[in-house]
2 protein chains.
Amino acid sequence: MTAVAVDVALLAIEAGRLTVLLVEPESADLAGTWSLPGRRVRDDESLDTTALRALRELAGIERPTLLLEQLRTYGAPTRDPRARVVSVAYLALSGAPLHPAPGPRPGPRAVVADAAEVLDWPPARFAYDHAAIVADAIERVRSRLEYTALATALLPAPFTLAALRGVYEAVWGGPLDPANFRRKVLATPGFVVPAPGPAVAGPGGGRPARRYAAGGATRLHPAMLRDR
Amino acid sequence: MTAVAVDVALLAIEAGRLTVLLVEPESADLAGTWSLPGRRVRDDESLDTTALRALRELAGIERPTLLLEQLRTYGAPTRDPRARVVSVAYLALSGAPLHPAPGPRPGPRAVVADAAEVLDWPPARFAYDHAAIVADAIERVRSRLEYTALATALLPAPFTLAALRGVYEAVWGGPLDPANFRRKVLATPGFVVPAPGPAVAGPGGGRPARRYAAGGATRLHPAMLRDR
DNA sequence: TAAATAGTGTCTATGAGACAATATCTC
DNA sequence: GAGATATTGTCTCATAGACACTATTTA
């Protein structure tokens with residue numbers, strides 16, 4: 001009988017790097033691999049609810065995410081060798097750095113891995129087809145940064161444009177020109193608004209930076225396009 | 001027990017309009033509504049295979065589509081009032097006009113509806129949540145035309161740029177400037193290549209148009225962006 | 001000939017990127 | 001003052017859209 005599950009790729013930004021939460025599979029014959037937190041869908045549960053429950057039960061995250069959206073559904077007949085499981089993959093994004101603490105009850109071990117490194121892992125280091133799900137999730141969040149104001153939600157207000165640029169650099173994995181980044185952000189209506197209060201310099205000196213808060217916009221026009 | 005199904009939105013271009021295939025639901029208590037062709041996923045079947053089978057069994061389409069891709073998965077607990085069914089929605093695109101002929105065996109009635117009109121229908125005219133799936137599918141094919149060379153696959157080669165423009169106008173639902181369209185297409189490497197043979201005028205006269213065939217490209221750089 | 005359609009030329013606006021120059025902080 | 005970072009200015013290039021204009025057919 002075909003079962004339905006939800007697997008969640010939970011991403012966050014930590015120390016200027018994009019990270020992903022991985023857990024040990026519960027099945028003993030998958031020891032040595034890593035997987036995403038996942039749960040079977042209960043009969044009275046929506047798919048989103050299952051995703052939140054997986055994060056709560058397996059990652060100890062209570063009210064997690066700035067973003068929770070479906071990626072796609074994986075249904076190859078043999079993706080789980082033990083039984084037929086169709087899995088709906090989700091992307092979740094946390095506003096705070098992740099702690100590999102699996103909740104109150106003793107649970108499987110969890111790690112927080114660097115997203116760029118994980119993309120280079122051989123697929124066999126993951127359980128099931130979770131290598132593909134992780135790659136999907138990373139690509140999706142990179143794309144979301146282009147077209148939405150999601151990055152402002154990842155920062156505590158007020159923030160500097162350098163901090164906002166740091167989010168883009170962490171997710172996209174490369175440096176951006178500060179001058180051009182600034183001009184693009186300020187030219188996009190509703191992306192950021194100036195915050196009151198004085199400008200503050202960073203720890204290493206330099207001219208103090210003005211502070212901004214999230215503007216009202218959700219979709220960005222024009223978009224913050226990556227180089228192709 | 002939760003069941004898994006696949007529903008397919010099959011689109012085509014007919015007489016300059018984007019169309020979608022709808023069938024009568026098999027369940028008697030849904031009489032008076034329209035639905036998308038859908039089937040339960042068999043235990044040994046991939047999701048793509050189920051989608052193709054649904055088209056074959058309910059729409060009489062044997063080797064259908066230029067495009068078959070997943071849209072998203074619908075799993076609200078009460079989306080089917082009779083039982084819990086999680087449905088993986090697919091978009092399919094046919095290169096030939098659709099015929100509302102439900103295959104060799106007697107099956108439910110089918111219609112070919114205009115996509116733009118269907119978007120204005122009240123959701124209750126559809127069974128289940130299929131109004132949302134249809135809207136998803138139309139938006140997806142509009143987007144695919146921006147970033148891929150899909151439109152050339154919809155036309156028999158050789159074709160004129162006016163015919164190619166007709167595909168874009170049908171899917172996007174508005175007129176495009178012939179001069180600017182031409183320049184954009186020819187400036188996109190690999191989109192089209194000149195076809196041998198003479199230029200031919202249309203039925204209503206006018207300067208004969210040169211003919212082109214599909215270039216090798218799949219992804220378009222730069223993309224054919226819609227007005228926002 | 002008129003109408004229709006194909007194709008070319010040109011002008012303007014916008015956005016992205018490179019990079020120089022200036023401002024103001026920490027050490 | 002030296003170094004670091006923020007901010008502004010300027011230049012170039014690519015693309016999109018509006019629209020005038022020319023070319024070649026059918027009726």
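We name chains A, B, ... by the order of the sequence lines, and we start the count at 1 in each one.
Using a 4.0 Å heavy-atom distance criterion, R165(A) is classed as a sugar-phosphate-only contact.
Distances from the side chain of A179(A) to the nucleotides dG7(C), dG9(D), dT24(C) place dG9(D) closest. Picking from dA6(D), dT25(D), dG7(C) the nucleotide with the shortest atom distance to the side chain of A201(B) gives dT25(D).
Here the P atom of nucleotide dA16(C) and the CG atom of L225(B) are 12 Å apart, to the nearest Å. Taking atom CZ of residue F181(B) and atom C1' of nucleotide dT15(D), one finds them 16 Å apart after rounding to whole Å. Per the geometry, CZ belonging to R182(B) stands 18 Å off P belonging to dT15(D), to the nearest Å. The CZ atom of R226(B) sits 17 Å away from the C1' atom of dG17(D) (whole-angstrom rounding). Note: CZ (F159(B)) to P (dA6(C)) measures 14 Å, nearest angstrom. Between D177(B) atom CG and dC11(C) atom C1' the separation is 14 Å, expressed in whole Å. For the pair E146(A) CD and dG15(C) P, the interatomic distance rounds to 16 Å; values are reported in whole Å. Atom C1' of nucleotide dA21(C) and atom CG of N180(A) are separated by 15 Å, given to the nearest angstrom.
Using a 4.5 Å heavy-atom threshold, the side chains of Y74(B) and Y128(B) count as separate. Side-chain contact between T50(A) and Y90(A) is absent, with no heavy-atom pair separated by less than 4.5 Å. Y147(A) has its side chain within reach of L225(A): a pair of non-hydrogen atoms, C-beta onward, lies under 4.5 Å apart. Two residues are said to be in side-chain contact when any heavy atoms from C-beta on lie closer than 4.5 Å; L220(B) and E146(B) fail this criterion.
Taking only side-chain nitrogens and oxygens, R207(B) never comes nearer than 4.0 Å to OP1 or OP2 of dG7(C).
Contacts of residues 183-193 of chain A with DNA chain C (heavy atom under 4.0 Å): R183(A), K184(A).
In terms of position on DNA chain D, the residue among G204(A) and P178(A) whose nearest nucleotide sits closer to the 5' end is G204(A). When each of G205(A) and G202(B) is assigned the nucleotide of DNA chain D with its nearest heavy atom, G205(A) is the one assigned upstream, toward the 5' end.
Under a 3.5 Å cut-off, the side chain of R140(B) and the backbone N or O of Q70(B) do form a donor-acceptor pair. Without hydrogens or angle criteria, H130(A) side chain to S35(A) main chain gives no donor-acceptor distance under 3.5 Å.
Open room surrounds CZ on R17(B); 12 or fewer heavy atoms of other groups in view lie less than 6.0 Å from it.
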